[in-house]
Amino acid sequence: MKKLLFLVIGMLCVTACTFQTKHRGYVFPADLESLAANIKTTADLNDKIGAPLVKTIYGDEVWIYYGTDENYRGPLAPTFTDETVLLAWVKGGRVLKTKVLRDADLPDVKLVDGETEIPAAIELNALEELFNNIGRFSPAGLGQ
């Protein structure tokens with residue numbers, strides 16, 4: 001009985017400590033710096049890298065590409081490695097400048113606990129939320 005219990009506990013420990021890596025964002029080629037330096041048009045940028053993750057809306061138009069590896073180590077919090085950011089300054093159909101940022105170039109962003117307050121937000125308790133939603137949804141199958 002002790003051997004069976006030991007075996008079950010051992011299997012649970014081994015399965016809880018799995019290692020898994022998921023890639024998030026863009027998968028950049030190994031020669032990203034040289035590739036980015038040779039890109040001169042937005043069409044070329046779209047062909048070689050793809051559509052940007054974000055385009056800035058204020059100031060200079062900058063196309064932003066981001067990729068990272070998210071590492072899961074069992075019950076521990078996930079860690080991020082191999083973070084890469086490609087910034088491309090664009091004007092019209094031309095790429096004016098590109099810059100590649102790696103792990104060491106990126107600042108450490110610390111997340112704080114709690115929530116950000118929204119100005120003029122209405123705080124409702126659970127009962128108020130329940131009664132606030134009455135009549136907002138149509139029954140399934142009515143096509144409304």
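Residue indices begin at 1 and follow the sequence shown. Owing to the predicted nature of the structure, the values given are computational and were not obtained by experimental measurement.
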Close side-chain approach of Asp82 and Thr68, heavy atoms under 4.5 Å: no
Stepwise side chain to side chain contact (heavy atoms under 4.5 Å, CB included) check, Trp63 with Leu87: CA-CA 6 Å; Trp63 290 12; Leu87 303 170; over 6 Å; no
Flag side-chain contact, heavy atom, 4.5 Å: Val100 against Thr84: yes
Rounded distance [0.5 Å steps], OH in Tyr65 versus CZ in Phe28: 8.5 Å
Residues which pass side-chain contact (heavy atoms from CB on, under 4.5 Å) with Leu53, listed by chain and number, not counting sequence neighbours: Tyr26, Tyr66
All side-chain contact (heavy atoms from CB on, under 4.5 Å) counterparts of Thr21, not counting sequence neighbours: Asp69, Asn71, Arg73
Whichever hydrophobic residues join Ile57 through chains of side-chain contacts under 4.5 Å: Tyr58
Val85: which of Ile64, Asp103, Asp105 passes side-chain contact (heavy atoms from CB on, under 4.5 Å): Ile64
Donor-acceptor list for residues 30-42 side chains, cut-off 3.5 Å, not counting sequence neighbours:
from	atom 1	to	atom 2	distance (Å)
Glu33	OE1	Arg102	NH2	3.3
Glu33	OE2	Arg102	NE	3.3
Glu33	OE2	Arg102	NH2	3.1
Ser34	OG	Asp31	O	3.0
Asn38	ND2	Ser34	O	3.1
Lys40	NZ	Ala37	O	3.3
Thr41	OG1	Asp44	N	3.1

Heavy-atom neighbours of Glu129 CD exceed 12 at 6.0 Å: yes
Sub-4.5 Å side-chain heavy-atom contact between Trp89 and Glu61: no
Asn125 (side chain) donor-acceptor with Leu127 (main chain) under 3.5 angstrom: yes
Side chains of Ile49 and Asn46 in contact at under 4.5 Å (non-hydrogen atoms): no
Test salt bridge (Lys or Arg N to Asp or Glu O under 4.0 Å) applied to Glu70 - qualifying residues, sequence neighbours left out: Arg24
Where at least one partner belongs to residues 47-57, residue pairs that pass side chain to side chain donor-acceptor pair (under 3.5 Å), sequence neighbours excluded: none
